[in-house]
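Only one structure is covered here, and it is reproduced in the block below.
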2 protein chains.
Amino acid sequence: MTKPATRIQKRNQAAILSAGLDIFSQYGFRGSTLDQIADAAGLSKPNLLYYFSSKEAIHAALLDRLLADWLDPLQALDAQGDPVREILAYAKRKLALSKDYPRESRLFANEILQGAPRIESILRHDLKALVDEKAAVIQGWADAGKIAPVDPYHLIFSIWALTQHYADFDVQVRAVLGDRAPYDGAAVFLDMLYRKLLTP
Amino acid sequence: MTKPATRIQKRNQAAILSAGLDIFSQYGFRGSTLDQIADAAGLSKPNLLYYFSSKEAIHAALLDRLLADWLDPLQALDAQGDPVREILAYAKRKLALSKDYPRESRLFANEILQGAPRIESILRHDLKALVDEKAAVIQGWADAGKIAPVDPYHLIFSIWALTQHYADFDVQVRAVLGDRAPYDGAAVFLDMLYRKLLTP
DNA sequence: TCTTGGTTTGACCAGATGGTCAAAAGGACG
DNA sequence: CGTCCTTTTGACCATCTGGTCAAACCAAGA
């Protein structure tokens, strides 16, 4: 029996979550302050705490929303599909996530860097189970000779690393590339890399 | 005419830097406190401030020490050597850095995530110059047909991403792999990946 | 218009945080 | 032992930080 959120509630909650994402993704949980977030959201601190009961609550809401979207692309890897195409498509989806949701990627990176205190159990259970399942699929493809015999776990790690790098290390990438756009070259490079790696 | 550091100075400065590395690499600059660092170093806060004039000073000393070691492996990439062997050796050196100095890797990651306020100019100048130089070398190898025609910048990014991932996302990697050792499989995987990618 | 419930705010609080300082304690060396 | 310089500490401070609360403000329906 939860009452429907009012127009103002929706607007302010969205503003707070966006502001929280800005701040938390840059400074991590401990390094972020409610004043910063309230400022970024255009609200006073007590007003912010009217919508979320604590700093923790904002962070938790963001992590919740993140984790679903984060595991989704791997979930979609289809054991019945064409192996190389499936893996390339997964890499492409992850790269698109980095491009379109870099703040979410950095929020996740910050959480992991701090030792993942709030999501370690999710990593240990949900994430591990999902990766185990998909690794078995990839191992099956390798055993059947449909792709080159690669360690499926490190293959998945490599996709995470290569795609998230462009969001997490954005500042460094741009410092090196100057005014050239990162993501076009990245897409071409990743396509070639995985095509050559996976061809038996 | 700087006086030579005493035995006690050396011991305490080393303890402070190690403690600072522990804390800063986990929580970032803003999220770390002097009390935490003093605790980890086994000193009182005023005593800590007797050796380093401020929180900033500890952090700056760590970044200084880091950056030299960080650029070194790429510097060693030899235009006269065998192309594939040189690039593989670079990847191997970076992977060894991740394995042996994970705290340094995470310190760097934290700094970049926060927008690299303290090292952006170094990235823009020193790092960019070094990468430009080595990218030209790799481009030359590609043009000469000695390696496959890959974008040298994204090749270098990929080495950074793939190696640092094991240090920066250590918690996640271990959560997925369970008790299996990450670095042995990683070395084999990276070797195969770059061998297949670079073979013309 | 009045009422009612959601919304916003200023003032406030306890504890944390970066940093200071004078004084005490320790070590090395004649 | 006495001296001098280094090292350590307890007490302290201003500011920041997460969070509370009562009161004021506003929007919308009766």
Side-chain angles (χ1 to χ4, degrees), chain A residues 1-64 107 110-111 114-115 117-118, chain B residues 1-63 107 110-111 114 117-118:
Chain A
M1 299 285 272
T2 45
K3 295 164 195 169
T6 70
R7 183 173 39 95
I8 295 178
Q9 276 169 359
K10 276 187 208 159
R11 169 171 47 88
N12 284 345
Q13 275 164 5
I16 291 168
L17 288 177
S18 177
L21 188 52
D22 272 343
I23 306 298
F24 283 135
S25 68
Q26 210 180 335
Y27 299 108
F29 181 76
R30 295 216 27 183
S32 303
T33 74
L34 284 179
D35 286 296
Q36 279 180 297
I37 297 171
D39 248 32
L43 299 172
S44 66
K45 189 168 54 171
N47 199 10
L48 182 150
L49 286 163
Y50 172 71
Y51 290 100
F52 288 86
S53 59
S54 68
K55 185 181 169 183
E56 275 273 351
I58 303 173
H59 194 249
L62 285 168
L63 279 185
D64 270 1
L107 178 72
N110 251 311
E111 178 65 14
Q114 302 194 6
R118 298 151 223 281
Chain B
M1 296 291 272
T2 46
K3 296 163 193 166
T6 72
R7 182 174 41 92
I8 297 177
Q9 276 167 359
K10 276 187 210 160
R11 169 173 44 89
N12 283 346
Q13 274 164 5
I16 292 168
L17 288 177
S18 177
L21 188 52
D22 272 343
I23 306 298
F24 283 135
S25 68
Q26 211 180 337
Y27 300 107
F29 181 76
R30 295 217 24 186
S32 303
T33 74
L34 284 178
D35 286 296
Q36 278 179 298
I37 297 171
D39 248 32
L43 299 173
S44 66
K45 189 168 56 171
N47 199 10
L48 183 150
L49 286 164
Y50 171 72
Y51 290 100
F52 288 86
S53 58
S54 67
K55 185 181 171 185
E56 276 272 351
I58 303 173
H59 195 249
L62 286 168
L63 279 184
L107 179 71
N110 251 311
E111 179 65 13
Q114 302 194 7
R118 297 152 223 283

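All chains are named by letter (A, B, ...) in the order of the sequence lines, taking the proteins before the strands, and each is independently numbered beginning at 1. Scope of the values below: all heavy atoms of this structure, side chains included, with no hydrogens, waters or symmetry mates.
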Checklist entry - Roughly, in whole Å, what's the span from CG in Leu48(B) to P in dT17(C)? => result 14 Å
Checklist entry - So does Arg30(A) get a side-chain nitrogen or oxygen closer than 4.0 Å to the phosphate oxygens (OP1/OP2) of dT17(C)? => result yes
Checklist entry - Below 4.0 angstrom from OP1 or OP2 of dT9(D), is there any side-chain N or O of Ser44(B)? => result yes
Item to check | N or O in side chain of Thr6(B) less than 4.0 angstrom from dG27(C) OP1/OP2 | outcome: no
Item to check | Nearest-0.5 Å distance, CD of residue Gln9(A) to CD1 of residue Ile16(A) | outcome: 10.5 Å
Next on the checklist: Could you measure the distance from the CG atom of Asn12(A) to the OH atom of Tyr50(A)? Nearest 0.5 Å is fine.
Outcome noted: 10.0 Å
Next on the checklist: Does a side-chain N or O of Tyr51(A) approach OP1 or OP2 of dT8(C) to a distance below 4.0 Å, or not?
Outcome noted: yes
Set out, line by line, the N/O atom pairs under 3.5 Å between protein and nucleotides 23-30 of chain D.
{"from": "dA28(D)", "atom 1": "OP1", "to": "Arg7(A)", "atom 2": "NH2", "distance (Å)": "3.1"}

Protein N or O to nucleotides 19-22 of chain C N or O, pairs below 3.5 Å:
{"from": "dG19(C)", "atom 1": "OP2", "to": "Lys55(B)", "atom 2": "N", "distance (Å)": "2.9"}

Checklist entry - Just how far, in rounded Å, is C1' of dT17(D) from CD1 of Ile58(A)? => result 14 Å
Checklist entry - What distance do Arg118(B) atom CZ and His59(B) atom NE2 have between them, rounded to the nearest 0.5 Å? => result 5.5 Å
Checklist entry - Rounded to the Å, how far apart are Tyr27(A) OH and dC16(D) P? => result 16 Å
Checklist entry - Phosphate oxygens OP1/OP2 of dT9(C): is one of them under 4.0 Å from a side-chain N or O of Asn47(A)? => result yes
Checklist entry - Backbone N or O of Gly115(A) within a donor-acceptor pair of the Gln26(B) side chain at under 3.5 Å? => result no
Next on the checklist: Give me each pair satisfying side chain to side chain donor-acceptor pair (under 3.5 Å) with a member in residues 13-23 of chain B, each pair once, sequence neighbours excluded.
Outcome noted: Ser18(B)-Arg103(B), Asp22(B)-Arg103(B)
Next on the checklist: Can you tell me how far apart CD1 (Ile37(B)) and CG (Leu48(B)) are? Round to the nearest 0.5 Å.
Outcome noted: 6.5 Å
Item to check | Between P of dG19(D) and NE2 of His59(A), the distance in whole Å | outcome: 13 Å
Item to check | Below 4.0 Å: OP1/OP2 of dT7(C) and any side-chain N or O of Tyr50(A) | outcome: yes
Checklist entry - Considering all heavy atoms of both residues, which atom of Ala41(A) and which atom of Ala15(A) are nearest to each other, and what is their separation? => result CB-O, 3.8 Å
Item to check | Spacing of Ile16(A) atom CD1 relative to dG19(D) atom P, expressed in whole Å | outcome: 14 Å
Next on the checklist: With a cut-off of less than 4.0 Å, is there a side-chain N or O of Gln9(A) near OP1 or OP2 of dT7(C)?
Outcome noted: yes
Item to check | Separation of dG10(C) P from Asp35(A) CG (nearest whole Å) | outcome: 13 Å
Next on the checklist: Using whole Å, what does the distance between atom C1' of nucleotide dT17(D) and atom CG of Asp39(A) come to?
Outcome noted: 14 Å
Checklist entry - Can you tell me how far C1' of dC16(D) sits from CD1 of Ile37(A), to the nearest Å? => result 15 Å
